[in-house]
Amino acid sequence: MKVLQKKPILLTIVLILITSCSRISQSPTISPSPLTPTHTPTAMPSPTPTPEPEPVEWWKDIVFYEIFVRSFKDSDGDGIGDFQGIIQALDYLNDGDPETTTDLGIGGIWLMPINPSPSYHGYDVTDYYAVNSDYGTMEDFKQLLEEVNKRGIKIIIDLVLNHTSDQHAWFQASTDTSSPFHTWYVWSEIDPRIPGPINSDSWHFNATNDMYYYGVFWSGMPDLNYDNPAVSAEMMQVSKFWLEEIGVDGFRVDAARYLFADGAAQQDIPATIQWFEEWRSFYKQVNPEAFTVGEVWTGLFVTAKYSQGMDSLFMFDLAEDIKGGVYTPNGPRITKSYLDILAYFPDMNFSTFLSNHDQQRVISFYNGDMAKAKMAAFVYLTGPGTPFIYYGEEIGMVGSKPDELIRTPMQWAGEPGGGFTKGTPWEPLNSNFGEFNVALQDEDPTSLLNHYRMLVQLRNQYPALSSGEYQPLTSNCRQIYPILRMDGEQTLLVIANLSDLEISGCTLSIEASPLSGDYQLSTLLGEGEFEPMSFDADGAFSEYPLPDIVDPWQYFILDLTQ
Ligand code: CA
């Protein structure tokens, strides 16, 4: 980044001031910066530039698990999940031994916000340099990092860049028009009455100073003013603090679309996209292996504009296409969705999921149909991209909006407190925790949990399934979902009957592929007899017959060998 290499002396001084201020940010009387808000390109502190090393894209080979700390595991009986609780649960996630099949086999954890916050969810931060005392101390968090590192698990944390809490000291100071923090937020003496992209009005009245401030989500979350270089520099420092001083492996970026606003244009504006590109250069200098995944919750075309600003982006359309393509069996809907993504992200740097903390849980989407939940998991855990599993999806936890009900405590066992806590849970568990819990499903080989374990372990075992090329086939049967995954070492044919019907007379065809000649098909997963498959010089074949009968919900992973 050219800007960083020619750092003016004045800017350096300013940055030192900002840096030294950041740790005493509870005392906003100290001037953070003599700079006034401008529209000049964002300036930021830079570590010593180092030669660009070969990137190690470790996130392509693992499955992540999203944890809402408050609801995952309580270690001390206060009814609130905590860092020590996660440590106790690590054997469940990954016992550190690739040979065992009793763990989930995940390779990464995304922790929803861990900073101090007045809300239960934490997306309104009051201190970016500390952890929420409900969850433990910074020492507890560092111990968690040590424990996950021992097992080869990576940890990323939610980074809430767009806004702070209205309880944050920066915002409290900013109500004073003479405070240097006044320009850290966006104030107006009159209500601009500009409609917001999320709410009808993004402007909120503040009784302290009789002014209006901008907050795109709600009044409790005032937006930071990224037109002020001091704000930008501060959030660079925050990123550096967690990567370098604390040692996390990266960030999940909340609400990435909204950093900059320009009148009525309040999402995805060029300044926002450019900011992320500068941020990426910055954090890659801090840690070249850091990983970021962005929440850009919109259509693929717009999401792709951020592909240079973060390592990966969540694929929201795909989640709907997979869930919908299983709900109403439709293989082509799913393959088209993946192909659309791969056209924008040929390097496969994108992240997949079925649900997250903002969405209805999968089993509720399917009205309790466990076979459909298993099929949706099969599809995305055999597909390209970095899969994320939202905690509890692997045991079929129910949940529909409001948000609290899709973030209920993890159901570990059928005992009082659900194995989540010895005390009173911060919010009640789902009433079905006696039937749906880890302890019960652990013992049932046909459970959703063991289905997830099997799929993640297969993915870990066969790199073709994680980072291999994705090539769909076509079928005369719409219920059939057929794809090839190829990584040079191995070619796998993945086939699923997405429906609850026994189907017959189905064939597969492909118009082009890198393969040629005759292949034997052996089953890695599923039982069935498959004839050899012959590709012509273009890598094509037509009307290859599947077994006479394909059972409801049947799936196969086949190894093709010449
Ligand atoms: Ca606790």
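First listed ligand is number 1; within each ligand, the first listed atom is number 1. For reference, positions follow the sequence shown, starting with 1.
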Worksheet item: Does the ring centre of Phe64 sit less than 6.0 Å away from the ring centre of Phe291?
Response: yes
Worksheet item: Is Gly85 close enough that one of its N/O/S atoms sits under 3.0 Å from the Ca ion (ligand 1)?
Response: no
Worksheet item: Taking the Ca ion (ligand 1) as the vertex, what is the angle from OD1 of Asp74 to OD1 of Asp78, given to 10 degrees?
Response: 80°
Discussion item. Looking at Trp58, I'd like to know if the NZ or CZ of Lys154 sits under 6.0 Å from its six-membered ring centre while staying within 45 degrees of the ring's axis.
Written reply: yes
Worksheet item: Of all N, O or S atoms in Asp82, which has the smallest distance to the Ca ion (ligand 1)?
Response: OD2
Fill in: Ring geometry between Tyr391 and Phe72 (parallel below 30°, tilted from 30 to 60°, perpendicular above 60°)
perpendicular
Item to complete: Looking at Asp76, pick out the N, O or S atom nearest to the Ca ion (ligand 1) and give its name.
Response: OD1
Item to complete: Kindly state whether the ring of Phe241 and the ring of Tyr128 have centres lying under 6.0 angstrom apart.
Response: no
